[in-house]
Amino acid sequence: MRKLLRVDITVAGGEELAEQVEAWLSDRAVQGWEEAPLDNDAGLRFRVHMEDAPPAREFAEEAARDWPDLPIAVSVIEEEDWGAAWMAFFTPIEVGGVYEILPPWMADHDTGARRPILIEPKMAFGTGHHPTTALCLEAFAKAHEAGRITPAMRFLDLGTGSGILGIGLCRLGLTGLGVDIDPQAVWCAADNLRLNGVETAMTLAVGGVGCLAEGSRYDVVAANILAAPLIAMAPRIVSHVAPGGMLVLSGILETQAEAVTAAYRAAGLPEPVRRVSGEWASLSWQ
Ligand code: SAH
């Protein structure tokens, strides 16, 4: 039977240390983790589950190496526990004061004034746990607050993955298109669109920037891909942003942000707003 590796990292006291561990996890446990308070509120226990294969063993070794002073327990559990374990560790995440990202089994959760985004944590990237995704949603939240994103607008979500960014824009009333070169991602995104009831507001297609109709323009373009493809596609991406429209790029290491900015400057754009989270940066233009 398939086994899972469970890695528990215990952080006793020190909110700052817990935040550092959280930042470390957000780069390495992209699928998420569980956080539970220790008895007597003495700190936090972070729990990660991964299929028991070499990458999981490497993850556990890296944890021990990077956090030599923290108690780290590694155990193997049967796959039977997987359903429960999976559900336990996917916790709601609040982003930008506007969104709350939830798994489907928490659809009834009271999000207050925040807009819910339901994401089935499957194969596609984009559960909201990764800083690159959160940075894009934050940029939307800020633009929405400032009245620069309005429901009549159309968006392009380039590299839609789980569909999370497009769903976030649909939640603000927009309509648009999500594309991804990975058919599996588009399949997952379709599920998530239905889950959020936005399947008529957002269209999906397998493909990249090259599959878009020449001259088609979008009021909001978001692309959370990686620095190299974003640089290579700069002129094409810019050609699909409507005059006065908004462009948000993410998936960029902070060390790469200047090179990406230069490519978009060369494509005719002014200086972007740079947002940073850990080692990641997003660039946005309005
Ligand atoms: N938008 C989601 C997912 C980002 S992951 C989020 O913000 O969380 C990046 C996605 O882009 C992956 O699903 C990958 O398949 C897709 N991708 C990579 N290169 C691409 C390209 N050139 N054109 C379109 N999609 C691309």
Side-chain angles (χ1 to χ4, degrees), residues 26-32 90 93 95-96 98-103 117-141 143 155-172 174 176-193 195-196 198 202-213 216 218 220-241 246-253 256 260 263-264 267 275 277-278 280-284:
S26 70
D27 275 346
R28 290 165 183 82
V30 175
Q31 78 282 23
F90 193 92
I93 320 162
V95 183
V98 167
Y99 296 112
E100 187 151 353
I101 306 165
L102 303 160
I117 299 180
L118 297 171
I119 294 292
E120 177 83 66
K122 273 199 203 152
M123 296 299 289
F125 187 98
T127 58
H129 284 89
H130 201 268
T132 60
T133 311
L135 282 167
C136 293
L137 292 172
E138 271 165 34
F140 302 158
F155 67 81
L156 169 67
D157 177 4
L158 185 63
T160 192
S162 66
I164 187 166
L165 299 183
I167 295 168
L169 290 168
C170 290
R171 282 279 178 266
L172 302 177
L174 285 74
L177 169 67
V179 298
D180 202 296
I181 50 173
D182 176 3
Q184 168 118 32
V186 173
W187 192 253
C188 291
D191 274 353
N192 285 321
L193 259 54
L195 203 58
N196 287 274
V198 298
M202 179 170 170
T203 311
L204 291 169
V206 177
V209 73
C211 78
L212 302 170
S216 58
Y218 299 85
V220 181
V221 176
N224 177 10
I225 306 185
L226 285 171
L230 289 175
I231 290 173
M233 294 188 285
R236 297 201 74 149
I237 290 181
V238 170
S239 77
H240 291 286
V241 183
M246 178 179 188
L247 172 64
V248 183
L249 304 179
S250 192
I252 304 162
L253 289 168
Q256 303 166 324
V260 179
Y264 282 75
R275 290 190 173 77
S277 172
W280 297 96
S282 76
L283 303 175
S284 55

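All values reported here derive from a predicted model rather than from experimental measurement. Order of appearance sets the numbers: ligands from 1, and atoms from 1 within every ligand.
The ligand atoms of ligand 1 that sit less than 4.0 angstrom from a heavy atom of Gly208 are 23 (N), 24 (C).
The distance criterion of under 3.5 Å between nitrogen or oxygen atoms is not met by Asp182 with respect to ligand 1. Residue-to-ligand polar distances keep Val179 apart from ligand 1: every N/O pair is separated by 3.5 Å or more. Note: no N/O pair closer than 3.5 Å links Ser162 and ligand 1 by distance alone.
Between the side chains of Asn192 and Ser162, no donor-acceptor pair is found at a separation under 3.5 Å.
The closest non-hydrogen atom to atom 7 (O) of ligand 1, taken over Leu158, Asn224, Ile119, Leu137, comes from Asn224. Checking Asp180, Ile164, Ile181, Leu230 against atom 14 (C) of ligand 1, the nearest heavy atom belongs to Asp180. Comparing Ile237, Ile225, Val248 against atom 18 (C) of ligand 1, the shortest heavy-atom distance belongs to Ile225.
Ring geometry for His240 versus Tyr218: interplanar angle of 30 to 60°, hence tilted.
Contact annotation: for Thr160 versus ligand 1, heavy atoms closer than 4.0 Å belong to the backbone alone. If you look at Met233 next to ligand 1, the close heavy atoms, those under 4.0 Å, all belong to the side chain. Looking at Leu165 against ligand 1, only its side chain comes within 4.0 Å, counting heavy atoms.
In plain terms, the two heavy atoms of Gly161 and Asp180 that are nearest each other are N-OD2, 2.8 Å.
Arg275 pairs with exactly one of Ser250, Ser282, Ser284 by the side-chain hydrogen bond (donor to acceptor under 3.5 Å, both in side chains) rule, that one being Ser284. Checking Thr203, Leu204, Thr160 one by one against Leu193, the side chain to side chain contact (heavy atoms under 4.5 Å, CB included) holds for a single residue, Leu204.
With sequence neighbours excluded, the residues satisfying side-chain contact (heavy atoms from CB on, under 4.5 Å) with Ile231 are Ala259, Val260, Ala263. Partners of Glu100 according to the salt bridge (charged side-chain N to carboxylate O under 4.0 Å, His left out) rule, which considers only residues two or more places apart in sequence or in another chain, are Arg114.
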